[in-house]
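Here is the naming used below: chain letters follow the sequence lines, and residue numbers restart at 1 for every chain. Predicted model, so just to flag it, every value in this text is computed and none were measured.
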Number of protein chains: 2
Amino acid sequence: MPLPQTEVPGRLQAHFAERGIRMTQQRRAILSVMETASKHLDASQILRKAQKIDASVDRSTVYRTLRLLKRHGLIDELDLMHINGEGHYYERRLGRDHIHMACLRCGKITEFVSDSFERLKQQVEKDCRFRVLISRLEIGGYCATCRGSQ
Amino acid sequence: MPLPQTEVPGRLQAHFAERGIRMTQQRRAILSVMETASKHLDASQILRKAQKIDASVDRSTVYRTLRLLKRHGLIDELDLMHINGEGHYYERRLGRDHIHMACLRCGKITEFVSDSFERLKQQVEKDCRFRVLISRLEIGGYCATCRGSQ
DNA sequence: CAGGTAGATGCGACTGAGTTGCAACTAGAT
DNA sequence: ATCTAGTTGCAACTCAGTCGCATCTACCTG
């Protein structure tokens with residue numbers, strides 16, 4: 001289920017430059033991790049990967065950079081139904097929002113893009129006069145495979 | 001925006017009895033807090049309220065009971081977009097799911113019931129062959145009031 | 001209604017995520 | 001080359017949530 005990409009990947013650094021955000025070696029490492037990540041890393045995984053690029057990266061820098069990226073709407077924070085503990089997961093924010101489905105049996109995460117989701121958000125904007133900036137729809141249940149085999 | 005209630009409130013205890021779950025004084029206190037709560041309490045608020053009914057209630061009992069209620073699908077766990085720190089909020093699970101909107105400016109939480117949301121979940125069931133058990137849709141943005149005044 | 005016991009509790013110590021204050025460092029403007 | 005506001009690493013901290021264990025108790029059985 002490939003996502004439609006309305007943005008070229010590898011542009012996090014460009015975003016920083018455009019907005020006049022200072023670029024450091026540590027940030028470069030973290031951004032590159034976020035850009036190349038196939039999916040859903042938590043803070044400690046990001047730390048480990050970033051340290052392979054620049055060993056000096058510290059835990060607190062990772063958290064500070066993630067907060068920065070979040071504030072600028074460049075990444076999304078996910079809970080993935082807390083399938084593994086209380087931490088958070090992060091992913092680059094590309095084109096359209098998508099739904100995250102977490103299988104409560106095998107732990108698999110599936111993504112799903114839906115026009116109905118877009119329409120639902122528009123309905124919220126209209127009916128509740130609420131300006132939608134971020135949205136997170138997470139679903140817990142059983143994936144196709146686990147659903148059959150029980 | 002009152003919620004449609006398909007279940008009589010005050011029935012958490014009955015649920016426990018039906019399922020043969022042992023009832024203790026501490027659980028009674030916690031259940032009664034959950035039943036009478038107008039809305040969205042976090043674990044420490046639940047603890048404080050429960051201790052007013054039964055002073056012996058301990059923090060760990062609150063967490064254990066919340067986990068139990070969650071496992072039985074009697075309460076929902078919310079993040080409310082982490083508007084106040086990293087903790088979780090809990091609410092009784094009545095009739096239909098609803099969307100939670102968190103105003104990033106004034107912090108107000110609004111709820112919204114929508115048929116489109118139900119249809120969206122049905123679409124996920126059908127298109128992804130995914131059995132939906134729990135779903136959480138949280139939206140961050142600006143409420144009608146804050147939207148105007150900026 | 002008097003045990004017996006599986007299950008629940010309180011306590012305190014622990015874990016793990018995330019934050020913060022501060023002195024040292026550095027990106028990038030001049 | 002210099003200056004400084006912004007960033008970093010570090011270590012100490014906070015806070016939510018968990019866990020092991022000794023004690024207690026709800027409730028089943030006779």
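- Put simply, CD on Glu125(A) and CD1 on Ile139(B) are 8.5 Å apart, with the number rounded to the nearest 0.5 Å.
- Each of Arg22(B) and Glu86(B) was assigned the nucleotide of DNA chain C with the nearest heavy atom; the assignment lying further toward the 5' end belongs to Arg22(B).
- Atom CD1 in Ile30(A) sits about 10 Å away from atom C1' in dT8(D), given to the nearest Å.
- For the pair Glu77(B) (side chain) and Lys70(B) (backbone), a donor-acceptor distance under 3.5 Å is absent.
- Rounded to whole angstrom, the span from the OH atom of Tyr89(A) across to the P atom of dG16(C) amounts to 14 Å.
- Taking every heavy atom of residues 52-67 of chain B and every atom of DNA chain D, pairs under 4.0 Å involve Arg59(B), Ser60(B), Tyr63(B), Arg64(B), Arg67(B), by number.
- By the neighbour-count criterion of 12 heavy atoms within 6.0 Å, atom NZ of Lys49(A) is sparsely surrounded, having that number or fewer from other residues, nucleotides or ligands.
- Remark: P of dT19(C) and CG of Leu47(A) are 14 Å apart, rounded to the nearest angstrom.
- Taking atom CG on Leu68(B) and atom P on dG7(C), their separation rounds to 13 Å, with Å as the unit.
- Per the geometry, CD belonging to Gln45(B) stands 12 Å off P belonging to dG17(D), to the nearest Å.
- For dG10(C), the OP1/OP2 oxygens have a side-chain nitrogen or oxygen of Gln26(B) closer than 4.0 Å.
- Distance CG (Leu78(B)) to P (dA16(D)): 17 Å, rounded to an integer number of Å.
- Side chains of Arg28(A) and Thr24(A): a donor-acceptor N/O pair is absent below 3.5 angstrom, by distance only.
- For dA17(C), neither phosphate oxygen OP1 nor OP2 lies less than 4.0 angstrom from any side-chain nitrogen or oxygen of His88(A).
- A salt bridge does not link Arg92(B) to Asp76(B): none of the charged nitrogens lies less than 4.0 Å from a carboxylate oxygen.
- Rounding to whole angstrom units, CD of residue Gln25(A) and P of dA27(C) are separated by 7 Å.
- Residue-environment remark: CD (Gln25(A)) stays at or below the threshold of 12 foreign heavy atoms within 6.0 Å.
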Working for salt bridge (charged side-chain N to carboxylate O under 4.0 Å, His left out), residues Asp115(A) and Arg96(A): CA-CA 10 Å; Asp115(A) 286 329; Arg96(A) 296 174 62 186; 3.0 Å; yes

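- Counting to the nearest Å, the C1' atom of dG18(C) and the CG atom of Leu69(A) are 16 Å from each other.
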